[in-house]
There are 2 protein chains.
Amino acid sequence: MHYELYYWPSIQGRGEYVRLALEAAEADYTDVARQHGRQGDGMSAMMELLDAGLPTPPFAPPFLKAGEQIIGQTANILLFLGPKLHLAPKDEAGRLWAHQLQLTVADFVTEIHDTHHPIASNLYYEDQKAEAAMRSEDFIRHRLPKFLGYFERVREQNPHKGGFMVGGQLSYVDLSIFQLIEGLRYAFPKAMARAEKKYPGLVEIRDRVAAHPPIARYLGSDRRIAFNQEGIFRHYLELDR
Amino acid sequence: MHYELYYWPSIQGRGEYVRLALEAAEADYTDVARQHGRQGDGMSAMMELLDAGLPTPPFAPPFLKAGEQIIGQTANILLFLGPKLHLAPKDEAGRLWAHQLQLTVADFVTEIHDTHHPIASNLYYEDQKAEAAMRSEDFIRHRLPKFLGYFERVREQNPHKGGFMVGGQLSYVDLSIFQLIEGLRYAFPKAMARAEKKYPGLVEIRDRVAAHPPIARYLGSDRRIAFNQEGIFRHYLELDR
(Lines give C-alpha, C1' and ligand atoms only; values in the text may rest on other atoms or scores of the structure.)
Protein backbone atom coordinates (compact mmCIF):
# COMPACT_ATOMS: atom_id res chain seq x y z
CA MET A 1 0.00 0.00 0.00
CA HIS A 2 1.23 3.48 -0.90
CA TYR A 3 0.29 6.14 1.65
CA GLU A 4 -0.08 9.86 1.15
CA LEU A 5 0.51 12.04 4.21
CA TYR A 6 -0.92 15.56 4.17
CA TYR A 7 0.60 18.00 6.63
CA TRP A 8 2.14 21.47 6.79
CA PRO A 9 5.46 21.30 4.98
CA SER A 10 7.61 23.53 7.19
CA ILE A 11 7.07 22.14 10.70
CA GLN A 12 7.27 18.84 12.54
CA GLY A 13 4.05 19.58 14.44
CA ARG A 14 1.48 16.84 14.89
CA GLY A 15 2.38 15.33 11.53
CA GLU A 16 5.74 14.22 12.92
CA TYR A 17 4.18 11.40 14.96
CA VAL A 18 2.90 9.95 11.70
CA ARG A 19 6.13 10.61 9.78
CA LEU A 20 8.08 8.76 12.49
CA ALA A 21 5.80 5.72 12.19
CA LEU A 22 6.02 5.65 8.38
CA GLU A 23 9.80 6.07 8.53
CA ALA A 24 10.38 3.51 11.31
CA ALA A 25 8.53 0.92 9.22
CA GLU A 26 10.16 2.05 5.96
CA ALA A 27 6.68 2.41 4.50
CA ASP A 28 6.06 3.55 0.94
CA TYR A 29 4.70 7.08 1.36
CA THR A 30 4.62 10.59 -0.05
CA ASP A 31 4.71 13.68 2.18
CA VAL A 32 2.40 15.46 -0.24
CA ALA A 33 2.64 19.10 0.83
CA ARG A 34 6.43 18.90 0.68
CA GLN A 35 6.46 17.92 -3.00
CA HIS A 36 7.21 20.51 -5.65
CA GLY A 37 6.39 19.20 -9.08
CA ARG A 38 5.16 20.20 -12.48
CA GLN A 39 1.58 19.95 -11.27
CA GLY A 40 2.06 22.87 -8.89
CA ASP A 41 3.15 22.51 -5.33
CA GLY A 42 1.89 19.99 -2.85
CA MET A 43 0.36 22.62 -0.59
CA SER A 44 -2.37 23.36 -3.13
CA ALA A 45 -3.15 19.65 -3.35
CA MET A 46 -3.60 19.62 0.44
CA MET A 47 -5.79 22.71 0.52
CA GLU A 48 -7.91 21.43 -2.36
CA LEU A 49 -8.57 18.17 -0.55
CA LEU A 50 -9.56 20.07 2.62
CA ASP A 51 -12.15 22.06 0.63
CA ALA A 52 -13.31 19.26 -1.64
CA GLY A 53 -16.69 18.58 -0.02
CA LEU A 54 -15.67 15.03 0.87
CA PRO A 55 -18.10 12.68 2.64
CA THR A 56 -15.53 12.44 5.48
CA PRO A 57 -13.81 15.86 5.60
CA PRO A 58 -10.87 16.25 8.01
CA PHE A 59 -11.01 19.15 10.46
CA ALA A 60 -7.33 19.97 9.92
CA PRO A 61 -4.04 18.39 8.86
CA PRO A 62 -2.55 15.88 9.37
CA PHE A 63 -4.60 13.44 7.38
CA LEU A 64 -3.65 10.29 5.54
CA LYS A 65 -4.86 8.95 2.22
CA ALA A 66 -4.77 5.17 1.94
CA GLY A 67 -6.37 4.13 -1.30
CA GLU A 68 -9.80 5.79 -1.26
CA GLN A 69 -9.86 6.16 2.53
CA ILE A 70 -9.03 9.52 4.13
CA ILE A 71 -8.22 9.43 7.82
CA GLY A 72 -7.74 12.47 10.06
CA GLN A 73 -6.63 13.11 13.63
CA THR A 74 -3.05 12.10 14.44
CA ALA A 75 -3.87 9.39 16.97
CA ASN A 76 -6.55 7.97 14.69
CA ILE A 77 -4.06 7.74 11.82
CA LEU A 78 -1.70 5.81 14.09
CA LEU A 79 -4.56 3.57 15.24
CA PHE A 80 -5.13 2.73 11.57
CA LEU A 81 -1.46 2.36 10.61
CA GLY A 82 -0.18 0.64 13.76
CA PRO A 83 -0.96 -3.00 12.99
CA LYS A 84 -0.28 -2.56 9.26
CA LEU A 85 3.22 -1.21 9.96
CA HIS A 86 3.86 -3.74 12.76
CA LEU A 87 4.07 -0.86 15.20
CA ALA A 88 1.16 -1.85 17.44
CA PRO A 89 -0.34 -5.02 18.85
CA LYS A 90 -2.75 -6.73 16.48
CA ASP A 91 -5.28 -7.83 19.12
CA GLU A 92 -8.15 -5.48 19.99
CA ALA A 93 -7.19 -4.93 23.65
CA GLY A 94 -3.57 -4.20 22.75
CA ARG A 95 -4.57 -1.81 19.97
CA LEU A 96 -6.88 0.10 22.33
CA TRP A 97 -4.16 0.31 24.99
CA ALA A 98 -1.56 1.69 22.57
CA HIS A 99 -4.17 4.14 21.30
CA GLN A 100 -5.10 5.20 24.84
CA LEU A 101 -1.46 6.12 25.45
CA GLN A 102 -1.31 7.99 22.15
CA LEU A 103 -4.39 10.01 23.16
CA THR A 104 -2.59 10.94 26.37
CA VAL A 105 0.41 11.98 24.26
CA ALA A 106 -2.01 14.14 22.24
CA ASP A 107 -3.34 15.81 25.39
CA PHE A 108 0.24 16.52 26.47
CA VAL A 109 1.08 17.97 23.04
CA THR A 110 -1.87 20.36 23.30
CA GLU A 111 -0.65 21.55 26.69
CA ILE A 112 2.89 21.97 25.33
CA HIS A 113 1.53 24.10 22.49
CA ASP A 114 -0.46 26.21 24.90
CA THR A 115 2.66 27.12 26.92
CA HIS A 116 3.45 29.66 24.19
CA HIS A 117 -0.12 30.29 23.03
CA PRO A 118 -2.35 30.23 26.12
CA ILE A 119 -4.80 32.87 24.87
CA ALA A 120 -5.23 32.36 21.14
CA SER A 121 -3.58 30.44 18.32
CA ASN A 122 -4.32 33.28 15.93
CA LEU A 123 -2.40 35.84 17.98
CA TYR A 124 1.38 36.11 17.94
CA TYR A 125 3.41 34.86 20.86
CA GLU A 126 4.49 38.47 21.43
CA ASP A 127 0.85 39.37 22.09
CA GLN A 128 0.53 36.82 24.92
CA LYS A 129 4.02 36.78 26.44
CA ALA A 130 2.98 37.53 30.00
CA GLU A 131 0.28 34.84 29.94
CA ALA A 132 2.68 32.39 28.30
CA ALA A 133 5.15 32.95 31.14
CA MET A 134 2.46 32.11 33.71
CA ARG A 135 1.26 29.06 31.84
CA SER A 136 4.82 27.80 31.28
CA GLU A 137 5.63 28.15 34.96
CA ASP A 138 2.65 25.98 35.85
CA PHE A 139 3.51 23.59 33.04
CA ILE A 140 7.08 23.04 34.24
CA ARG A 141 6.05 22.73 37.85
CA HIS A 142 2.93 20.57 37.55
CA ARG A 143 2.02 19.29 34.11
CA LEU A 144 5.42 18.18 32.80
CA PRO A 145 6.08 15.93 35.85
CA LYS A 146 2.51 14.65 35.80
CA PHE A 147 2.68 13.48 32.19
CA LEU A 148 6.29 12.25 32.16
CA GLY A 149 5.82 10.55 35.53
CA TYR A 150 2.77 8.78 34.15
CA PHE A 151 4.58 7.55 31.03
CA GLU A 152 7.57 6.40 33.11
CA ARG A 153 5.19 4.45 35.32
CA VAL A 154 3.47 2.87 32.31
CA ARG A 155 6.83 1.61 31.08
CA GLU A 156 7.71 0.26 34.54
CA GLN A 157 4.36 -1.50 34.90
CA ASN A 158 4.49 -3.03 31.43
CA PRO A 159 4.44 -6.76 32.26
CA HIS A 160 6.71 -7.53 29.28
CA LYS A 161 9.69 -5.83 30.98
CA GLY A 162 11.51 -5.33 27.69
CA GLY A 163 11.80 -1.58 28.13
CA PHE A 164 9.07 -0.67 25.64
CA MET A 165 5.87 1.23 26.34
CA VAL A 166 3.47 -1.42 25.02
CA GLY A 167 4.08 -5.15 24.89
CA GLY A 168 7.48 -6.58 24.03
CA GLN A 169 8.43 -4.66 20.91
CA LEU A 170 8.76 -1.24 19.34
CA SER A 171 5.43 0.55 18.82
CA TYR A 172 4.34 3.97 17.65
CA VAL A 173 4.01 4.92 21.33
CA ASP A 174 7.79 4.56 21.76
CA LEU A 175 8.28 6.75 18.68
CA SER A 176 6.01 9.38 20.24
CA ILE A 177 7.96 9.25 23.52
CA PHE A 178 11.13 9.86 21.49
CA GLN A 179 9.52 12.90 19.87
CA LEU A 180 8.29 14.27 23.21
CA ILE A 181 11.73 14.01 24.83
CA GLU A 182 13.44 15.57 21.80
CA GLY A 183 10.90 18.38 21.64
CA LEU A 184 10.96 19.14 25.34
CA ARG A 185 14.77 19.25 25.28
CA TYR A 186 14.54 21.79 22.46
CA ALA A 187 11.82 23.92 24.06
CA PHE A 188 12.82 23.77 27.72
CA PRO A 189 16.51 22.79 27.88
CA LYS A 190 17.06 24.02 31.44
CA ALA A 191 13.90 22.51 32.88
CA MET A 192 14.50 19.23 31.07
CA ALA A 193 18.14 18.99 32.18
CA ARG A 194 16.83 18.90 35.74
CA ALA A 195 13.66 16.89 35.12
CA GLU A 196 14.77 14.07 32.88
CA LYS A 197 16.92 12.40 35.55
CA LYS A 198 13.64 11.26 37.08
CA TYR A 199 12.56 9.52 33.89
CA PRO A 200 15.46 7.21 32.97
CA GLY A 201 13.12 4.74 31.28
CA LEU A 202 11.82 7.37 28.88
CA VAL A 203 15.34 8.57 28.09
CA GLU A 204 16.28 4.96 27.35
CA ILE A 205 13.36 4.73 24.93
CA ARG A 206 14.46 7.99 23.31
CA ASP A 207 17.98 6.58 22.81
CA ARG A 208 16.73 3.27 21.52
CA VAL A 209 14.41 4.92 18.98
CA ALA A 210 17.18 7.26 17.83
CA ALA A 211 19.38 4.21 17.21
CA HIS A 212 16.71 2.23 15.33
CA PRO A 213 18.38 2.11 11.88
CA PRO A 214 15.48 3.46 9.75
CA ILE A 215 14.93 6.27 12.27
CA ALA A 216 18.67 7.04 12.44
CA ARG A 217 18.67 7.34 8.64
CA TYR A 218 15.54 9.52 8.73
CA LEU A 219 17.00 11.86 11.35
CA GLY A 220 20.11 12.28 9.22
CA SER A 221 18.11 13.04 6.07
CA ASP A 222 16.51 16.26 4.88
CA ARG A 223 13.12 14.62 5.31
CA ARG A 224 13.43 15.40 9.06
CA ILE A 225 12.48 19.06 9.44
CA ALA A 226 14.50 20.82 12.16
CA PHE A 227 12.71 22.13 15.25
CA ASN A 228 11.82 25.77 14.68
CA GLN A 229 9.78 28.62 16.10
CA GLU A 230 6.67 27.83 14.08
CA GLY A 231 5.98 24.38 15.49
CA ILE A 232 4.49 22.93 18.66
CA PHE A 233 7.80 22.88 20.51
CA ARG A 234 9.30 26.38 20.58
CA HIS A 235 12.27 27.63 22.49
CA TYR A 236 11.75 30.97 24.18
CA LEU A 237 14.52 31.69 26.71
CA GLU A 238 12.11 33.47 29.02
CA LEU A 239 9.70 30.51 29.28
CA ASP A 240 12.40 28.02 30.32
CA ARG A 241 13.57 27.97 33.94
CA MET B 1 -21.90 -7.55 29.54
CA HIS B 2 -22.04 -5.42 32.69
CA TYR B 3 -19.96 -2.23 32.47
CA GLU B 4 -18.47 -0.20 35.29
CA LEU B 5 -17.90 3.49 34.56
CA TYR B 6 -15.43 5.35 36.77
CA TYR B 7 -15.73 9.13 36.80
CA TRP B 8 -15.99 12.06 39.18
CA PRO B 9 -19.41 11.82 40.85
CA SER B 10 -20.41 15.50 41.00
CA ILE B 11 -19.88 16.72 37.43
CA GLN B 12 -20.91 15.81 33.91
CA GLY B 13 -17.41 16.52 32.59
CA ARG B 14 -15.84 14.16 30.10
CA GLY B 15 -17.63 11.19 31.65
CA GLU B 16 -20.95 12.48 30.34
CA TYR B 17 -20.14 11.45 26.75
CA VAL B 18 -19.84 7.87 28.00
CA ARG B 19 -22.90 8.10 30.26
CA LEU B 20 -24.98 9.31 27.30
CA ALA B 21 -23.90 6.33 25.20
CA LEU B 22 -24.62 3.81 27.97
CA GLU B 23 -28.00 5.43 28.64
CA ALA B 24 -29.01 5.76 24.96
CA ALA B 25 -28.41 2.02 24.52
CA GLU B 26 -29.98 1.13 27.87
CA ALA B 27 -26.79 -0.74 28.74
CA ASP B 28 -26.30 -2.56 32.01
CA TYR B 29 -23.82 -0.36 33.89
CA THR B 30 -22.79 1.02 37.26
CA ASP B 31 -21.57 4.60 37.68
CA VAL B 32 -19.14 3.42 40.34
CA ALA B 33 -18.03 6.64 42.05
CA ARG B 34 -21.67 7.65 42.52
CA GLN B 35 -22.51 4.53 44.54
CA HIS B 36 -22.72 4.74 48.32
CA GLY B 37 -22.79 1.27 49.83
CA ARG B 38 -21.76 -0.73 52.82
CA GLN B 39 -18.32 -1.22 51.30
CA GLY B 40 -17.52 2.47 51.62
CA ASP B 41 -18.20 4.98 48.91
CA GLY B 42 -17.52 4.55 45.24
CA MET B 43 -14.93 7.32 45.14
CA SER B 44 -12.47 5.21 47.14
CA ALA B 45 -12.99 2.34 44.71
CA MET B 46 -12.08 4.69 41.87
CA MET B 47 -9.01 6.10 43.59
CA GLU B 48 -7.83 2.61 44.56
CA LEU B 49 -8.04 1.45 40.97
CA LEU B 50 -6.08 4.50 39.80
CA ASP B 51 -3.26 3.66 42.25
CA ALA B 52 -3.40 -0.11 41.87
CA GLY B 53 -0.23 -0.59 39.79
CA LEU B 54 -2.24 -2.03 36.90
CA PRO B 55 -0.48 -3.20 33.72
CA THR B 56 -2.61 -0.64 31.82
CA PRO B 57 -3.07 2.29 34.22
CA PRO B 58 -5.38 5.11 33.13
CA PHE B 59 -3.99 8.67 33.25
CA ALA B 60 -7.24 10.05 34.65
CA PRO B 61 -10.98 9.36 34.82
CA PRO B 62 -13.12 8.51 32.97
CA PHE B 63 -12.25 4.87 32.53
CA LEU B 64 -14.41 1.85 31.89
CA LYS B 65 -14.15 -1.65 33.27
CA ALA B 66 -15.51 -4.34 30.95
CA GLY B 67 -14.77 -7.73 32.44
CA GLU B 68 -11.01 -7.70 33.06
CA GLN B 69 -10.35 -4.96 30.54
CA ILE B 70 -9.82 -1.36 31.71
CA ILE B 71 -10.12 1.32 29.04
CA GLY B 72 -9.29 4.99 29.50
CA GLN B 73 -9.65 8.18 27.45
CA THR B 74 -13.22 9.21 26.64
CA ALA B 75 -13.01 8.82 22.87
CA ASN B 76 -11.26 5.47 23.24
CA ILE B 77 -14.04 4.21 25.52
CA LEU B 78 -16.59 5.20 22.87
CA LEU B 79 -14.49 3.54 20.16
CA PHE B 80 -14.71 0.34 22.21
CA LEU B 81 -18.38 0.65 23.15
CA GLY B 82 -19.73 2.03 19.87
CA PRO B 83 -20.31 -1.18 17.88
CA LYS B 84 -21.29 -3.16 21.01
CA LEU B 85 -24.03 -0.64 21.86
CA HIS B 86 -25.09 -0.26 18.19
CA LEU B 87 -24.02 3.38 18.37
CA ALA B 88 -21.33 3.25 15.68
CA PRO B 89 -20.77 1.59 12.33
CA LYS B 90 -19.37 -1.94 12.61
CA ASP B 91 -17.01 -1.73 9.63
CA GLU B 92 -13.45 -0.51 10.17
CA ALA B 93 -13.70 2.60 7.99
CA GLY B 94 -16.97 3.67 9.62
CA ARG B 95 -15.61 3.10 13.12
CA LEU B 96 -12.53 5.21 12.36
CA TRP B 97 -14.64 8.01 10.90
CA ALA B 98 -16.93 8.17 13.93
CA HIS B 99 -13.86 8.10 16.16
CA GLN B 100 -12.18 10.87 14.17
CA LEU B 101 -15.21 13.07 14.80
CA GLN B 102 -15.17 12.18 18.49
CA LEU B 103 -11.50 13.19 18.70
CA THR B 104 -12.45 16.55 17.21
CA VAL B 105 -15.21 16.81 19.84
CA ALA B 106 -12.50 16.11 22.45
CA ASP B 107 -10.30 18.91 21.07
CA PHE B 108 -13.27 21.26 21.23
CA VAL B 109 -14.04 20.21 24.82
CA THR B 110 -10.45 21.02 25.85
CA GLU B 111 -10.77 24.49 24.32
CA ILE B 112 -14.12 25.01 26.06
CA HIS B 113 -12.52 24.09 29.38
CA ASP B 114 -9.65 26.47 28.77
CA THR B 115 -11.99 29.44 28.29
CA HIS B 116 -12.29 29.60 32.09
CA HIS B 117 -8.88 28.06 32.89
CA PRO B 118 -6.41 29.36 30.30
CA ILE B 119 -3.41 29.49 32.65
CA ALA B 120 -3.66 26.52 35.00
CA SER B 121 -6.21 23.89 36.00
CA ASN B 122 -4.89 23.95 39.56
CA LEU B 123 -5.58 27.65 40.01
CA TYR B 124 -9.05 29.04 40.72
CA TYR B 125 -10.98 30.82 38.00
CA GLU B 126 -10.73 33.95 40.14
CA ASP B 127 -6.94 33.81 39.78
CA GLN B 128 -7.10 33.89 35.97
CA LYS B 129 -10.18 36.02 35.27
CA ALA B 130 -8.49 38.57 33.03
CA GLU B 131 -6.86 35.86 30.93
CA ALA B 132 -10.13 33.91 30.82
CA ALA B 133 -11.88 36.98 29.42
CA MET B 134 -9.30 37.27 26.64
CA ARG B 135 -9.43 33.58 25.81
CA SER B 136 -13.24 33.53 25.84
CA GLU B 137 -13.40 36.48 23.48
CA ASP B 138 -11.20 34.65 20.99
CA PHE B 139 -13.17 31.46 21.57
CA ILE B 140 -16.53 33.06 20.80
CA ARG B 141 -15.20 34.93 17.79
CA HIS B 142 -13.03 32.27 16.17
CA ARG B 143 -13.05 28.81 17.72
CA LEU B 144 -16.77 28.30 18.38
CA PRO B 145 -17.72 29.05 14.74
CA LYS B 146 -14.80 27.00 13.43
CA PHE B 147 -15.82 23.85 15.33
CA LEU B 148 -19.60 24.20 15.00
CA GLY B 149 -19.26 25.15 11.34
CA TYR B 150 -17.18 22.04 10.77
CA PHE B 151 -19.69 19.74 12.47
CA GLU B 152 -22.59 21.33 10.57
CA ARG B 153 -20.70 20.72 7.32
CA VAL B 154 -20.02 17.10 8.25
CA ARG B 155 -23.73 16.51 8.76
CA GLU B 156 -24.55 18.22 5.44
CA GLN B 157 -21.94 16.20 3.56
CA ASN B 158 -23.01 12.88 5.10
CA PRO B 159 -24.07 10.94 1.99
CA HIS B 160 -26.84 9.18 3.96
CA LYS B 161 -28.85 12.43 4.23
CA GLY B 162 -30.81 11.15 7.22
CA GLY B 163 -29.79 14.05 9.43
CA PHE B 164 -27.27 12.10 11.52
CA MET B 165 -23.56 12.80 11.84
CA VAL B 166 -22.37 9.37 10.73
CA GLY B 167 -24.17 6.97 8.42
CA GLY B 168 -27.92 6.55 8.54
CA GLN B 169 -28.62 6.06 12.23
CA LEU B 170 -27.99 7.42 15.70
CA SER B 171 -24.36 7.18 16.83
CA TYR B 172 -22.39 8.32 19.84
CA VAL B 173 -21.27 11.31 17.74
CA ASP B 174 -24.87 12.59 17.68
CA LEU B 175 -25.01 12.17 21.46
CA SER B 176 -21.83 14.22 21.77
CA ILE B 177 -23.27 16.96 19.55
CA PHE B 178 -26.30 17.07 21.86
CA GLN B 179 -24.00 17.47 24.85
CA LEU B 180 -21.97 20.23 23.17
CA ILE B 181 -25.06 22.25 22.26
CA GLU B 182 -26.55 21.83 25.74
CA GLY B 183 -23.28 22.77 27.42
CA LEU B 184 -22.61 25.76 25.22
CA ARG B 185 -26.14 27.04 25.83
CA TYR B 186 -25.46 26.77 29.56
CA ALA B 187 -22.02 28.39 29.47
CA PHE B 188 -22.52 31.07 26.81
CA PRO B 189 -26.28 31.71 26.53
CA LYS B 190 -25.93 35.10 24.82
CA ALA B 191 -23.27 34.03 22.35
CA MET B 192 -25.15 30.83 21.55
CA ALA B 193 -28.47 32.58 21.06
CA ARG B 194 -26.81 34.48 18.21
CA ALA B 195 -24.59 31.68 16.90
CA GLU B 196 -26.86 28.67 16.81
CA LYS B 197 -29.06 30.03 14.02
CA LYS B 198 -26.14 29.22 11.72
CA TYR B 199 -26.14 25.57 12.74
CA PRO B 200 -29.73 24.37 12.25
CA GLY B 201 -28.57 20.82 11.53
CA LEU B 202 -26.80 20.55 14.87
CA VAL B 203 -29.80 21.96 16.71
CA GLU B 204 -31.96 19.37 14.97
CA ILE B 205 -29.62 16.64 16.19
CA ARG B 206 -29.79 18.11 19.70
CA ASP B 207 -33.60 17.98 19.60
CA ARG B 208 -33.70 14.50 18.16
CA VAL B 209 -31.31 13.14 20.81
CA ALA B 210 -33.30 14.84 23.60
CA ALA B 211 -36.43 13.11 22.31
CA HIS B 212 -34.82 9.66 22.01
CA PRO B 213 -36.88 7.83 24.67
CA PRO B 214 -33.99 6.36 26.73
CA ILE B 215 -32.24 9.73 26.71
CA ALA B 216 -35.45 11.58 27.59
CA ARG B 217 -35.86 9.24 30.58
CA TYR B 218 -32.21 9.73 31.55
CA LEU B 219 -32.46 13.53 31.39
CA GLY B 220 -35.51 13.39 33.65
CA SER B 221 -33.80 11.16 36.20
CA ASP B 222 -31.40 11.99 39.01
CA ARG B 223 -28.72 10.07 37.13
CA ARG B 224 -28.26 13.19 34.97
CA ILE B 225 -26.13 15.59 37.01
CA ALA B 226 -27.08 19.25 36.45
CA PHE B 227 -24.59 21.60 34.83
CA ASN B 228 -22.61 23.36 37.55
CA GLN B 229 -19.59 25.55 38.15
CA GLU B 230 -17.20 22.65 38.71
CA GLY B 231 -17.53 21.06 35.27
CA ILE B 232 -16.17 21.71 31.79
CA PHE B 233 -19.06 24.01 30.84
CA ARG B 234 -19.31 26.88 33.32
CA HIS B 235 -21.42 29.96 33.16
CA TYR B 236 -19.63 33.17 34.07
CA LEU B 237 -21.64 36.23 33.07
CA GLU B 238 -18.50 38.18 32.25
CA LEU B 239 -17.20 35.60 29.77
CA ASP B 240 -20.40 35.51 27.69
CA ARG B 241 -21.04 38.25 25.15
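All of these numbers come straight from a predicted model, not from anything done at the bench. Order of the sequence lines fixes the chain letters, A, B, ..., with proteins taken first and strands second; residue numbering starts at 1 for each chain.
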>> Are the side chains of B:Phe151 and B:Ile205 in contact, using a 4.5 Å heavy-atom criterion?
In response: no

>> Tell me the closest heavy-atom pair linking B:Pro58 and B:Leu50, and the distance in Å.
In response: O-CD2, 3.8 Å

>> Using heavy-atom distances under 4.5 Å, tell me whether A:Leu101 contacts chain B through its side chain, its backbone, both, or neither.
In response: neither

> So which of A:Leu96, A:Val166, A:Leu54 has the biggest tally of heavy-atom pairs under 4.5 Å with chain B?
Replying inline: A:Leu96

Looking only at N and O atoms, which donor-acceptor pairs between chain B and chain A are within less than 3.5 angstrom?
| from | atom 1 | to | atom 2 | distance (Å) |
| --- | --- | --- | --- | --- |
| B:Leu54 | O | A:Gln157 | NE2 | 2.6 |
| B:Pro57 | O | A:Tyr150 | OH | 2.6 |
| B:Gly72 | N | A:Gln100 | OE1 | 2.8 |
| B:Gln73 | NE2 | A:Thr104 | OG1 | 3.0 |
| B:Gln73 | NE2 | A:Asp107 | OD2 | 3.1 |
| B:Asn76 | ND2 | A:Leu96 | O | 3.2 |
| B:Glu92 | OE2 | A:Arg95 | NH2 | 3.3 |
| B:Arg95 | NH2 | A:Glu92 | OE2 | 3.3 |
| B:Leu96 | O | A:Asn76 | ND2 | 3.2 |
| B:His99 | NE2 | A:His99 | NE2 | 2.6 |
| B:Gln100 | OE1 | A:Gly72 | N | 2.8 |
| B:Thr104 | OG1 | A:Gln73 | NE2 | 3.0 |
| B:Asp107 | OD2 | A:Gln73 | NE2 | 3.1 |
| B:Pro118 | O | A:Arg135 | NH1 | 2.8 |
| B:Asn122 | ND2 | A:Asp138 | OD1 | 3.0 |
| B:Asn122 | ND2 | A:His142 | NE2 | 3.3 |
| B:Arg135 | NH1 | A:Pro118 | O | 2.8 |
| B:Asp138 | OD1 | A:Asn122 | ND2 | 3.1 |
| B:His142 | NE2 | A:Asn122 | ND2 | 3.4 |
| B:Tyr150 | OH | A:Pro57 | O | 2.6 |
| B:Gln157 | NE2 | A:Leu54 | O | 2.6 |

> Taking every heavy-atom pair that is under 4.5 Å apart, which of B:Ala130, B:Ala132, B:Pro118, B:Ala120 has the most such pairs with chain A?
Replying inline: B:Pro118

> Is any side-chain heavy atom of A:Val32 closer than 4.5 Å to a side-chain heavy atom of A:Leu5?
Replying inline: no

> If every non-hydrogen atom of A:Phe80 is compared with every non-hydrogen atom of A:Pro83, which pair is closest and at what distance?
Replying inline: O-CD, 3.8 Å

> Is A:Ile140 close to A:Met192 at the side-chain level, that is, under 4.5 Å between some pair of heavy atoms?
Replying inline: no

> What is the minimum heavy-atom distance between B:Ala98 and B:Val173, and which atoms define it?
Replying inline: O-CG2, 3.6 Å

> Minimum heavy-atom separation for B:Leu78 to B:Ala21, with atom names?
Replying inline: CD2-CB, 3.7 Å

> If you count heavy-atom pairs under 4.5 Å with chain B, which of A:Ala60, A:Gly72, A:Pro159 comes out on top?
Replying inline: A:Gly72

> Who passes ring pair (Phe, Tyr, Trp, His ring centres under 6.0 Å) against B:Phe147, sequence neighbours left out?
Replying inline: A:Phe59, B:Phe108

> Measuring heavy-atom distances to chain A, does B:Ile70 have an atom under 4.5 Å in its side chain, in its backbone, in both, or in neither?
Replying inline: backbone

